[in-house]
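Single-structure report; data block below.
Being a predicted model, the structure only gives us computed values, none of them experimental. Below, all heavy atoms of this structure are taken into account, side chains as well, without hydrogens, waters or symmetry copies. First the proteins, then the strands, lettered A, B, ... as listed; each starts at 1.
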There are 2 protein chains.
Amino acid sequence: MTIKEIAKLAQVSSAAVSRYMNGGYVSEEKKERIRAVIEETGYRPSVQARTLRTKRACLVGVIVPKINSESISRITEGIGQVLSERAYQMLLTITDNDPSKELEYMDLFESYPVDGIILVGTVLSGAHKEKLKKCRVPIVVIGQQTNEVSCIYHDDYGAAKELAEQIGKEMSGRIAYIGVTRADKAAGAAREDGFRDGLRAVGRELEEGCLRRASFTMESGYEQACDLLRLESDIDIISCATDTIAAGVIEAIAQLSPQRSIQVTGFGDNQFLKAVTGGIRTVHFGYQTSGVKGARLLLDMVESGKTLTTEIKLGYELL
Amino acid sequence: MTIKEIAKLAQVSSAAVSRYMNGGYVSEEKKERIRAVIEETGYRPSVQARTLRTKRACLVGVIVPKINSESISRITEGIGQVLSERAYQMLLTITDNDPSKELEYMDLFESYPVDGIILVGTVLSGAHKEKLKKCRVPIVVIGQQTNEVSCIYHDDYGAAKELAEQIGKEMSGRIAYIGVTRADKAAGAAREDGFRDGLRAVGRELEEGCLRRASFTMESGYEQACDLLRLESDIDIISCATDTIAAGVIEAIAQLSPQRSIQVTGFGDNQFLKAVTGGIRTVHFGYQTSGVKGARLLLDMVESGKTLTTEIKLGYELL
DNA sequence: CTGTTAGCGCTTTCAC
DNA sequence: GTGAAAGCGCTAACAG
């Protein structure tokens, strides 16, 4: 069913139908004829064809590392909210934490083309920066600081530092830290450095043997904790770079050292974890806010055509 | 940057460039010239334009009720796997558990148009069935049984029944059930009916005062459990329609009746919950499998052009 | 092998 | 107000 057929059935020109659909000048009687035909046929104009003609797809591509994550879902929620308010659609792709897929999807989106791209960033390699710079579609990165394009990120360093200071002051036992790859500047390097510096600030030190790195899964947190507990059986606190890792650590403790009370801390304020455990010490970031702000930033760039690089750092709250 | 400009720069026709891009006949020297120009300009052909011409978008629309859910993410994982294997893209939309948005997104996808739609179903109203029947794009429904189009669902009734039989036989205390809206035939009606029938099968009965209905959130599970515990303080087992609800229930119990040991059961085999609690009694469904099978079914329909309505019921495993 | 040409379905001047 | 016509960027015959 095309606009031509509708035009023929309604005995008007295709231009009239197009105007009807887009709120242009059409006489009342023709309007009525067109309306009737459309109703009857269930005609829907092709978004593709319109896009080709108008150059505005009203589409933004969103790239996320994984989907089953409270932080990510909050971010996408925030994005989705703004997009639907402003009548845009979201094309969501998942990289399964594979940074090379991020590049692939950026390529794909660029050639789609979408009006803009939001990258919920993990590891920003040289190739990434290159691509970010060269991309002809506006991009906003969420979750990582970067100079190439506009970005919105959280104060990972500050949060980790304050958390470590608190822990260092309040508790006396041995402290371990399970981080993630330092290639991830935010969740990896910044949190780890912040944590270490926070301990130092209160006169303590993170022992080398008490540092582990996990991937972003519960299973990995479980494994690292098992390893840690086996080698350093007198650990009293295990701080984790994410709540997901913390969940795996809690499991490991329950299995390996159920008699000792080992404290676990996380990052992300996962509601599920809070409900089931009664709430561990964690850091709340405004994930939804970063989604909202990121989407607004992007859409403003898209609609104005101007690409003024902006950088927003969001605060945190210790829980 | 269009194919024409590339053609001009490489001093060939646009058809040659098109052939080059799609693996048609091009002489070696022209190939080289084209390659060089493309490399230089960073040209990417427009997916939109190609789609308009070829009528194959290689795109499937996926509609899910929410994103932060282990079951949903498993399903989308399965879908994504098959799609990328077969070089399709996924357009993902989230309804926030609002069935009217499902209709809206189906409309949107239909007019996109995408090659096919996968609906991870919740409540299938009359309007839904109407739309499913009339939709000119192949559709597969996952998670609900329906006669209008192909569907893949789980044996919710059977699982709930067996679960209830086990509980009824093994445990002697008072049993409560927190379900979800019966409008959701699978997670609502089927699980509830199965549970009730299972108890009956072993000579027990679900008391009316011990039945509650929550929405699909932890918070709602928490509230219902609070209400339940306040009114019926001698409950020994609370069975829940989903693991997410179970998490809220666990929180409520910890707060209201920490001294009593109340058993909680769920549905969905949530890994997070398993890690943190050590594993409650729950039901494992092959969510990823349903995603894989659903996507395969859809793509086969898309590629063959035949819409043979198929119905697949997947089993379960009690944990 | 290669270029010319005719559209895909839609919007948008531009005359009438 | 309205229709004819010219494309958007691409592919697929069809002649060479």
Does NZ belonging to Lys293(A) count more than 12 external heavy atoms closer than 6.0 Å? no
Rounded interatomic separation in angstrom, taking CD from Glu28(A) and C1' from dG1(D): 12 Å
Within the 4.0 Å heavy-atom criterion, would you say Tyr20(A) contacts the bases, only the backbone, or no part of the nucleic acid? nothing
Tell me whether the side-chain N or O atoms of Arg19(B) pair up with the base of dG3(C) as donor and acceptor below 3.5 Å, since no angle test is needed here. yes
May I ask you to decide whether Asp156(B) forms a salt bridge with Lys185(B), counting only side-chain N to carboxylate O separations under 4.0 Å? no
Check the distance between dT11(C)'s P and Gln48(A)'s CD and give it to me in whole angstrom. 13 Å
Looking only at the side chain of Lys55(A) (C-beta and beyond, no hydrogens), which of the listed nucleotides dC10(C), dG9(D), dT11(C) gets closest? dG9(D)
Roughly how many Å is it from NZ in Lys4(A) to P in dG9(C), rounded to a whole number? 9 Å
Looking only at the side chain of Ser13(A) (C-beta and beyond, no hydrogens), which of the listed nucleotides dC10(C), dG3(D), dG9(C) gets closest? dG3(D)
Give a yes-or-no answer on whether the side chains of Asn68(B) and Glu77(A) include a donor-acceptor pair shorter than 3.5 Å. no
Nearest-angstrom distance from the residue atom CG of Leu52(A) to P of dC10(D): 9 Å
Of the listed nucleotides dT4(C), dG7(D), dC1(C), the one nearest the side chain of Tyr25(B): dC1(C)
Measure from the side-chain heavy atoms of Lys30(B) and tell me the nearest of dC10(D), dT11(C), dG3(C). dG3(C)
Taking CD1 from Ile3(A) and C1' from dC8(C), how many angstroms apart are they, rounded to a whole number? 14 Å
Let me know, please, whether Thr54(A) or Ser27(B) comes out on the 5' side of the other along DNA chain C by nearest nucleotide. Ser27(B)
Side chain of Arg53(A) only, please: which of dG3(D), dC10(C), dT11(D) is the nearest? dC10(C)
Under 4.0 Å between a side-chain N or O of Tyr112(B) and OP1 or OP2 of dG9(C)? no
Donor-acceptor pair between Arg33(A) and Tyr20(A) side chains, under 3.5 angstrom: no
Assess whether atom NZ of Lys313(A) is packed by more than 12 heavy atoms of other residues, nucleotides or ligands within 6.0 Å. no
Tell me the interatomic distance from Ile38(B), atom CD1, to dC10(D), atom P, rounded to whole angstroms. 10 Å
N or O in side chain of Ser18(B) less than 4.0 angstrom from dT11(D) OP1/OP2: yes
Base, sugar-phosphate or nothing for Thr2(A)? Non-hydrogen atoms, less than 4.0 Å. sugar-phosphate
Rounded off to whole Å, could you give me the NZ-to-C1' distance for the Lys31(A) and dG1(D) pair? 11 Å
Name the nucleic acid region contacted by Ala15(A), choosing base, sugar-phosphate or nothing; use a 4.0 angstrom heavy-atom cut-off, strictly under. base
From CZ of Arg56(B) over to C1' of dC8(C), roughly how many Å is that when rounded to an integer? 16 Å
